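Everything numeric here is computed off the predicted structure, so don't read it as measured data. A, B, ... follow the sequence lines: proteins, then strands. Residue 1 opens every chain.
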Number of protein chains: 2
Amino acid sequence: MTTGMPHIAQRPRRADGRRNYDAILAAARKAFEADGSEASLESIAAQAGVAIGTLYRHFPARASLVEAATRDGLADLVAHAERLASSSDPLRALSEWMEQAVRHFSTFRGLVGILAQSMYDEGTPSHAMCSAMHRSGADLLHAAQTAGLIRADLTPGELFDLLSGAAWVREQSLPDRDGSPRLLRLILEGITTRAQEP
Amino acid sequence: MTTGMPHIAQRPRRADGRRNYDAILAAARKAFEADGSEASLESIAAQAGVAIGTLYRHFPARASLVEAATRDGLADLVAHAERLASSSDPLRALSEWMEQAVRHFSTFRGLVGILAQSMYDEGTPSHAMCSAMHRSGADLLHAAQTAGLIRADLTPGELFDLLSGAAWVREQSLPDRDGSPRLLRLILEGITTRAQEP
DNA sequence: TTGACATCCTGAGGCACCCTCAGTTTGACT
DNA sequence: AGTCAAACTGAGGGTGCCTCAGGATGTCAA
């Protein structure tokens, strides 16, 4: 997964192909939700009522199945960022987006790890989406920095490291004991500009 | 791994037993270093010149092998914390300890995840060591808070979340592109008391 | 030294999962 | 109805996990 074109699965043309593609995707979403990104591909195929070879036909690597299963959600995140970019309150915009980003990054166990890899490895299915997120996030950060609300020496890469770390912590903790809102608040307050405080 | 006594592997009594125990541990350290905590146990056994059953005799679960492989390092960390506890510069002490903690947490890929689990799951081999770390880290934090140098509303649990997140990021990034020193600095500056700044 | 025996070791074997590929079926289009 | 690319199937070879019945051996006391 380091060389060659990134594989973005496209919907097949034949009717049975599309049917199976959709069934596999639905089963995968359910399985990832329950068992994390390491869920058994064979049981996903079985759940979709399809032979294992069919799954591999549509999604030649686990990462491409994960990409397809998360594409829409991450696209929403990017769209939301672009909507927020014109906000008159850049700090609030950034804060809101960070919250949503962490939520999306930890949709299921193991996802952040895959996304973190994809961020810098171009030969990866999710790389395109990650780049888009990076761009839109960087814009929000830059706006807040220009307004003097966020420390100017914080790079987009560092912001993503902080968000990934928070998402990973959220992923680890049990759903009922989710400390990520508090963690995110700490991070946000930690990177706001000092002069803003009384 | 949720019920029953935590299994702390103890050195076996017979000479051949001790020999094999040590050989397995050495092989495991090397394998974890190279392949992360998910390294193949069968190849570890082979590397140690021992049958797979022997490995399982000494380390009935992967987690107990990880525990044994990291025990000394984490014990050092706790000892260092206790030495730092009497420092006249609590902020520097905390900072130094945090740096070392992140380094130890990310000794090899997958370790932070295991430690994060062990922190709150008592039926886990590493739980005892994690508790000790928690205590000694909390002391350093408390000292810095009493001196008014760290925000008073930060709990030890939150500090560990931040450290775990940073360690995870470090674990993900390639050795040459390690951004964790910078990340740690951001975190530290983020939790210092606001009035301290000019 | 020599039993006696608890400790320790072995590795085959059942299970789960990964991924491939040769052979077969079928939808789509003429 | 005929053609054929697209899609499907599932056996099979590979890796890894973990167990357990049977065999080997170090230890210690007599």
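In this structure the side chain of Leu111(A) never reaches within 4.5 angstrom of the side chain of Ser37(A), judged on heavy atoms. Leu163(A) is listed as a side-chain neighbour of Trp97(A), based on a closest heavy-atom distance under 4.5 Å. Inter-residue side-chain proximity for Leu184(B) and Leu186(B) is flagged as unmet; no heavy-atom pair is nearer than 4.5 Å.
Protein chain B touches strand DNA chain D; the 5'-most and 3'-most nucleotides with an atom under 4.0 angstrom of its non-hydrogen atoms are dG16(D) to dT27(D).
The backbone N or O of His142(B) lies less than 3.5 Å from a partner atom in the side chain of Thr146(B), making a donor-acceptor pair.
Put simply, OH on Tyr56(A) is 14 Å from C1' on dC21(C), counting in whole angstrom units. If you measure from atom CG of Asp22(B) to atom P of dC9(C), you get 11 Å, rounded to the nearest angstrom. Atom P of nucleotide dC8(C) and atom CZ of Arg57(B) are separated by 5 Å, given to the nearest angstrom.
In this model, a donor atom of one side chain and an acceptor atom of the other lie less than 3.5 Å apart for Ser180(A) and Asp178(A).
Residue Ser43(A) places none of its side-chain N or O atoms closer than 4.0 Å to OP1 or OP2 of dC17(C). Put simply, His58(B) has no side-chain N or O that comes within less than 4.0 Å of OP1 or OP2 on dC8(C).
Here Arg135(A) contributes atom CZ and Glu82(A) contributes atom CD; the two are 9.0 Å apart, rounded to the nearest 0.5 Å. Rounding to the nearest 0.5 angstrom, the gap separating the CE atom in Met98(A) from the CZ atom in Phe105(A) is 10.5 Å. Rounding to the nearest 0.5 Å places CG of Leu55(A) at 10.0 Å from CG of Asn20(A). We find the OG1-CD1 distance between Thr192(A) and Ile150(A) to be 6.0 Å, quoted to the nearest 0.5 Å.
The residues Arg151(B) and Glu189(A) are annotated as salt-bridged, a charged nitrogen and a carboxylate oxygen being separated by less than 4.0 angstrom. Salt-bridge formation is detected for the pair Asp153(B)/Arg182(A): a Lys NZ or Arg NE/NH1/NH2 atom is positioned less than 4.0 Å from an Asp or Glu carboxylate oxygen. Between Arg29(B) and Glu33(B), none of the side-chain N atoms (NZ, or NE/NH1/NH2) sits under 4.0 Å from a carboxylate O, so this pair counts as no salt bridge.
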Close N/O contacts between protein and nucleotides 11-13 of chain C (under 3.5 Å):
residue : atom : partner  : partner atom : Å
dG11(C) : O6   : Gly53(B) : N            : 3.4

What's touching nucleotides 28-30 of chain C from the protein side, N or O pairs under 3.5 Å?
residue : atom : partner  : partner atom : Å
dA28(C) : OP1  : Ala15(A) : N            : 3.0

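Identified under the ring-ring contact (aromatic ring centres under 6.0 Å, His included) test for residues 25-52 of chain B, with sequence neighbours left out: Phe32(B)-Phe108(B).
If you check residues 23-38 of chain A against DNA chain C, you find no residue with a heavy atom closer than 4.0 Å.
The side-chain tip of Arg177(A) points at the ring of Tyr120(B) from less than 6.0 angstrom away and within 45° of straight on.
Shown here is His134(A), whose NE2 atom has more than 12 heavy atoms of other residues, nucleotides or ligands within 6.0 Å.
For the strand DNA chain D, secondary-structure stems (runs of at least three Watson-Crick or G-U pairs, all distances below 3.5 Å) span C:1-30 with D:1-30.
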